[in-house]
Amino acid sequence: YRVSELHSRQYGDKGAGYPKLLAENLLFDLAKKKSLPVTVLRPHGVFGPVDPCQSGQVFYRLHNQLPIIGCGNRNARLNPVYVEDVVSGIINIIHNEKTFGKSYNLSGDSEFTLTEFVNLCQEISGSSSQLEYVADHIPYTKYGIEFRRHAGPITDWPKVDFVCDNTRIKLDANVQFTPTEEALKKTYSWLLQNHRAFHYFKFGGEQLILTQTKIPISTRIEWLVAKFISHYLDRAKVILKNTPYFDKILGPRGVLRKSR
């Protein structure tokens with residue numbers, strides 16, 4: 001069973017999809033009033049080079065012989081989409097009148113449970129690890145640790161089936177989707193060639209937690225200091241970005257402009 005764009009749009013529990021639905025409704029209302037050519041794309045579980053998401057977590061843990069820890073429904077299915085297919089979808093709807101006034105799911109052809117997804121990653125990497133499930137993130141968050149998005153030791157998976165139909169965009173915009181195995185191979189190859197990106201998923205104190213070793217005070221202090229620095233760096237970036245003086249002397253991406 002796959003959810004199509006023709007299903008009723010519901011507000012649900014006001015989770016991550018809630019503001020997206022509000023924006024979608026706002027755009028379509030505006031399109032009717034102003035006769036604007038609006039097309040909405042709904043990317044679904046995007047992964048690939050630069051932002052590998054769950055695949056990056058799984059590949060990192062396989063590469064380092066760490067257990068893969070899932071959180072969610074072990075029977076829930078998901079059909080993630082490769083980032084290059086999202087780009088193709090965007091390109092193919094531009095100036096395409098057939099797509100105006102419609103929503104389109106951008107989701108892969110293949111659907112997986114987390115176990116099936118991990119098994120495919122194991123085949124590609126040639127490594128294997130034990131897959132375990134936890135009810136929540138408490139085994140880690142109880143230490144006061146905060147992780148970047150899709151970078152912690154726990155791989156989040158849907159609590160219910162989250163499979164979307166991609167037939168409509170295939171017909172209207174001629175988008176062809178990359179087989180998931182091929183997409184994962186490209187992602188894994190990119191990770192191996194970009195060690196900084198691979199180590200995005202690293203967490204230095206994990207072995208202590210996995211072995212339930214008492215966490216040394218020095219390690220706890222290190223985590224708190226890292227959290228403190230990260231918090232204030234983020235605040236500093238926001239302040240600099242909104243300060244006219246720095247906006248004049250800083251170029252794109254915050255790089256200092258060369259003086260003439």
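By convention here, the first residue in the shown sequence is residue 1.
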Would you give me the side-chain donor-acceptor pairs under 3.5 Å for residues 119-128, sequence neighbours excluded?
unit_1, atom_1, unit_2, atom_2, d
Asn119, OD1, Gln122, NE2, 3.4
Asn119, ND2, Thr115, O, 3.3
Gln122, OE1, Ser129, N, 3.0
Ser125, OG, Cys121, O, 3.0
Ser125, OG, Gln122, O, 3.4
Ser125, OG, Ser127, N, 3.2

I'd like to know if the side chain of Arg168 reaches the main chain of Ala173, judged simply by a donor and an acceptor atom lying under 3.5 Å from each other, with no hydrogens or angles considered.
no
Taking the side chain from Thr99 and the backbone from Asn96, do they hold a donor-acceptor pair closer than 3.5 Å?
yes
Name the atoms and distances for all side-chain donor-acceptor pairs under 3.5 Å in residues 175-184, with sequence neighbours left out.
unit_1, atom_1, unit_2, atom_2, d
Gln176, NE2, Asn174, OD1, 3.4
Thr178, OG1, Asp85, OD1, 2.9
Thr178, OG1, Asp85, OD2, 3.3

Other hydrophobic cluster members with Phe100, side-chain heavy atoms of Ile/Leu/Val/Met/Phe/Trp/Tyr under 4.5 Å, chained?
none
Taking side chain as C-beta onward, heavy atoms only, is His44 less than 4.5 Å from Leu78?
yes
Do Val50 and Val58 share a hydrophobic cluster (ILVMFWY, side-chain heavy atoms under 4.5 Å, transitive)?
yes
Same hydrophobic cluster for Ile93 and Ile91, using side-chain heavy-atom links shorter than 4.5 Å among ILVMFWY?
no
Evaluate Glu116 against Arg77 for side-chain contact (heavy atoms from CB on, under 4.5 Å), listing each step before the verdict.
CA-CA 9 Å; Glu116 293 166 344; Arg77 308 186 74 80; 3.0 Å; yes
Quick one: list whatever passes salt bridge (charged side-chain N to carboxylate O under 4.0 Å, His left out) with Lys98, sequence neighbours left out.
none
Here the ring pair (Phe, Tyr, Trp, His ring centres under 6.0 Å) pairs for residues 50-85, sequence neighbours left out, are Phe47-Tyr82, Phe59-Tyr188, Tyr60-Phe198, His63-Phe198
Salt bridge (charged side-chain N to carboxylate O under 4.0 Å, His left out) contacts in which one or both residues fall within residues 45-56, not counting sequence neighbours:
Asp51-Arg149
Set out, in order, the CA-CA distance, both residues' side-chain angles and the distance that settles salt bridge (charged side-chain N to carboxylate O under 4.0 Å, His left out) for Lys170 and Asp109, then state yes or no.
CA-CA 11 Å; Lys170 287 180 178 179; Asp109 285 332; 2.8 Å; yes
Verify the neighbour count for atom NZ of Lys185: are there more than 12 heavy atoms of other residues, nucleotides or ligands below 6.0 Å?
no
